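Every value quoted in this text rests on a predicted model; they were computed, and no experiment measured them.
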Protein chains: 4
Amino acid sequence: MFLQIDPGDAAPIYEQIARQIQFAVASGSLAPGEMVPSVRELARQLAVNPNTVARAYRELQSQGVLDAQRGLGLSVAADAVEKCRQQRATWIRERLIHLVGEALHAKVSPRQLQSMLQDIIQTHSRQETQS
Amino acid sequence: MFLQIDPGDAAPIYEQIARQIQFAVASGSLAPGEMVPSVRELARQLAVNPNTVARAYRELQSQGVLDAQRGLGLSVAADAVEKCRQQRATWIRERLIHLVGEALHAKVSPRQLQSMLQDIIQTHSRQETQS
Amino acid sequence: MFLQIDPGDAAPIYEQIARQIQFAVASGSLAPGEMVPSVRELARQLAVNPNTVARAYRELQSQGVLDAQRGLGLSVAADAVEKCRQQRATWIRERLIHLVGEALHAKVSPRQLQSMLQDIIQTHSRQETQS
Amino acid sequence: MFLQIDPGDAAPIYEQIARQIQFAVASGSLAPGEMVPSVRELARQLAVNPNTVARAYRELQSQGVLDAQRGLGLSVAADAVEKCRQQRATWIRERLIHLVGEALHAKVSPRQLQSMLQDIIQTHSRQETQS
DNA sequence: GTGGTCTAGACCACC
DNA sequence: GTGGTCTAGACCACG
């Protein structure tokens with residue numbers, strides 16, 4: 001479990017935790033059935049209050065990503081991978097729709113948007129190649 | 001002044017107002033020298049708290065987009081167009097960079113992103129054709 | 001807003017609050033658009049910690065029963081009545097299914113169950129007639 | 001001993017075990033004088049912690065359903081059948097009263113409740129016929 | 001004024 | 001040991 005909290009991020013800590021776990025499940029680095037660290041343990045690792053971790057876990061439980069094994073801890077749900085993948089795609093798509101709406105409303109042309117996207121993707125691929 | 005406030009948007013209202021005014025200046029629908037509505041007047045039109053409009057205007061002043069005409073109100077600064085255009089492009093680009101970063105990190109492929117963008121743009125153009 | 005908290009109830013306080021508000025919306029005594037009491041106000045009335053009320057409100061928000069009016073408070077969502085009614089029916093039905101399953105498994109006959117239900121309903125109607 | 005533990009059930013595991021044994025006694029599938037499996041044996045069968053089984057047995061002892069045969073294990077008490085039958089009826093009746101109370105409070109009509117019950121019973125009987 | 005986040009620390013039931 | 005609930009109180013952004 002390699003989670004990183006960025007206190008500078010506008011997103012609240014509990015959301016950063018929840019999102020990173022979703023991504024870990026979606027990308028397969030956290031497999032169904034596997035246990036997540038205990039609330040107290042993760043809180044210690046991230047140097048945050050246990051309540052904050054508990055809130056992240058609670059949200060994931062209500063989304064059906066985590067299952068409670070009473071007295072033992074929380075584990076990744078059997079069907080969590082599919083859920084997380086769908087959620088991930090939906091989430092990115094929604095934000096992209098919103099962004100495009102504002103861009104077009106601000107009279108940025110579709111061509112400009114597409115070239116922007118291509119530039120950014122190329123920048124990312126270059127960085128990955130280097131690293 | 002065609003401003004539309006979306007209370008469901010995550011962005012605070014004062015920011016929505018400020019941004020839309022920037023966009024209006026950048027796209028030429030609000031020309032340098034032109035007066036913007038008074039705080040009270042705009043607050044009435046948008047049905048928001050005057051404090052909220054005042055805050056939006058304050059931010060725009062500090063950015064040099066609006067100039068105070070003492071006793072008369074606020075007008076669009078002479079060099080505002082260029083500033084707003086740059087800011088508009090920067091702002092959209094930054095958000096797109098952030099979104100692409102998250103998407104790639106979540107293992108959404110560049111191809112998927114490009115086709116998503118194309119879909120969304122087509123949907124928008126269809127809506128405009130219809131309306 | 002007449003909410004009553006029963007500390008003897010096994011259900012947690014935040015859930016009692018959330019459920020009673022759902023019922024109030026479903027039965028029409030809390031109309032869409034109406035504001036619910038502020039977190040601090042309701043916490044004072046019920047003599048509980050504001051965090052507890054906030055948690056109840058948060059759950060209702062995530063269910064789409066309450067809408068945030070930023071800086072002003074929370075209001076009942078426009079489509080909350082329908083949601084609450086469905087949820088209410090679903091919730092009761094699920095619990096009944098569970099109960100019947102256990103009863104039949106314990107070899108209580110369907111006839112016994114039906115007569116039990118009728119008895120209980122009659123008892124309730126008698127109480128209402130008296131009061 | 002056909003016990004089935006549902007980890008998804010809200011009721012604690014030790015309670016599920018205790019209840020199912022009560023039901024088995026009430027319905028005659030576990031006769032007075034008969035020995036119940038040892039704590040370790042049952043824990044192995046159900047794949048639960050021995051402490052959990054021990055707690056269930058402890059509760060049943062304090063209710064007089066099980067008798068300790070020192071050095072041998074636990075057996076079903078001679079007068080357990082009657083006790084369990086009463087308890088079974090009381091328990092189901094109480095939960096039904098509670099559920100009906102909430103349903104009526106939420107303005108679900110008695111007729112709806114009765115037809116719900118009939119539906120559920122029919123569904124169960126169909127499932128049994130098939131299996 | 002409003003809700004939202006976070007911390008700190010207590011107590012509980014369950015395994 | 002585990003998670004869950006609740007309290008107390010601080011700080012923040014928003015209107």
Side-chain angles (χ1 to χ4, degrees), chain A residues 5 7 9-17 35-43 46-58 60-62 66-75, chain B residues 5 7 9-17 39 43 46-56, chain C residues 5 7 9-17 35-43 46-58 60-62 66-75, chain D residues 5 7 9-17 43 46-56 59:
Chain A
I5 299 306
D9 193 333
I13 297 175
Y14 77 89
E15 205 176 303
Q16 293 184 42
I17 297 173
M35 302 286 284
V36 293
S38 79
V39 168
R40 292 164 172 89
E41 168 63 13
L42 186 54
L46 302 177
V48 300
N49 190 287
N51 283 328
T52 305
V53 176
R55 177 161 180 192
Y57 280 180
R58 199 189 314 141
L60 292 170
Q61 259 188 292
S62 74
L66 294 183
D67 269 342
Q69 310 289 329
R70 275 174 316 178
L72 303 176
L74 299 168
S75 65
Chain B
I5 299 306
D9 192 332
I13 296 175
Y14 78 89
E15 204 176 305
Q16 294 184 42
I17 295 173
V39 168
L46 301 177
V48 301
N49 192 304
N51 287 330
T52 308
V53 176
R55 177 158 182 190
Chain C
I5 298 308
D9 193 334
I13 297 176
Y14 77 89
E15 206 176 303
Q16 294 184 41
I17 296 173
M35 302 286 285
V36 293
S38 81
V39 169
R40 292 164 173 87
E41 168 64 14
L42 186 54
L46 302 177
V48 300
N49 189 288
N51 283 329
T52 306
V53 176
R55 177 162 180 191
Y57 280 0
R58 200 190 313 142
L60 292 170
Q61 259 188 291
S62 75
L66 294 183
D67 269 342
Q69 309 291 328
R70 277 174 314 179
L72 302 175
L74 299 168
S75 65
Chain D
I5 299 306
D9 193 330
I13 295 174
Y14 78 89
E15 203 176 304
Q16 294 184 42
I17 295 173
L46 302 178
V48 301
N49 192 304
N51 287 328
T52 307
V53 176
R55 177 158 180 189
E59 307 250 321

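- With the nearest nucleotide of DNA chain E identified for both C:Arg58 and C:Gly73, C:Gly73 has the one nearer the 5' end.
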Exercise answer: donor-acceptor pairs, residues 67-74 of chain C side-chain atoms, under 3.5 Å, sequence neighbours excluded:
| unit_1 | atom_1 | unit_2 | atom_2 | d |
| --- | --- | --- | --- | --- |
| C:Gln69 | NE2 | C:Ser75 | OG | 3.0 |
| C:Arg70 | NH1 | B:Asp9 | O | 3.4 |
| C:Arg70 | NH1 | B:Ala10 | O | 3.1 |
| C:Arg70 | NH1 | B:Ala11 | O | 3.1 |
| C:Arg70 | NH2 | B:Ala11 | O | 3.1 |

Dot-bracket assigned to DNA chain E with the 3.5 Å Watson-Crick/G-U criterion, [ ] for crossing and | for other-strand pairs, is ||||||||||||||.
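- Computed from coordinates, the A:Leu74 CG to E:dC14 P distance equals 17 Å when rounded to whole Å.
- Atom pair C:Gln61:CD and E:dT2:P shows a separation of 15 Å (rounding to whole Å applied).
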Check step by step if side chain to side chain contact (heavy atoms under 4.5 Å, CB included) holds for C:Leu42 and C:Val36.
CA-CA 9 Å; C:Leu42 186 54; C:Val36 293; over 6 Å; no
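- Here the P atom of nucleotide F:dT7 and the CD1 atom of C:Ile5 are 10 Å apart, to the nearest Å.
- Remark: C1' of E:dG3 and CG of C:Leu60 are 14 Å apart, rounded to the nearest angstrom.
- As rounded to whole Å, 11 Å separates atom C1' of E:dC15 from atom CE of A:Met35.
- Taking atom CG of residue C:Leu66 and atom C1' of nucleotide E:dG4, one finds them 15 Å apart after rounding to whole Å.
- Of the side-chain N and O atoms in A:Gln69, none sit less than 4.0 angstrom from OP1 or OP2 of E:dC14.
- Scanning for side-chain contact (heavy atoms from CB on, under 4.5 Å) contacts around B:Arg55 gives B:Tyr14, B:Arg58, B:Glu59, with sequence neighbours left out.
- A search for salt bridge (Lys or Arg N to Asp or Glu O under 4.0 Å) contacts involving C:Glu15 returns nothing, not counting sequence neighbours.
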Test side chain to side chain contact (heavy atoms under 4.5 Å, CB included) on D:Ile13 and D:Leu46 and set out the steps.
CA-CA 10 Å; D:Ile13 295 174; D:Leu46 302 178; over 6 Å; no
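- Using a 4.5 Å heavy-atom cutoff, the side chains of C:Ser38 and C:Tyr57 are not in contact.
- In this structure, the CG atom of D:Asp9 is 19 Å from the P atom of E:dA13, given to the nearest Å.
- Not counting sequence neighbours, the partners of C:Pro50 by the side-chain contact (heavy atoms from CB on, under 4.5 Å) test are C:Val39, C:Ala43.
- Closest approach of C:Val48 and C:Thr52 over heavy atoms only: CG2-CB, 4.4 Å.
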If a protein heavy atom is under 4.0 Å from the base, mark B; if only from the sugar-phosphate, S; if neither, -; do that for nucleotides 8-15 of chain F going 5' to 3'.
BB----BS
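- Rounded to an integer number of Å, the gap from C:Tyr57 OH to E:dT5 C1' is 19 Å.
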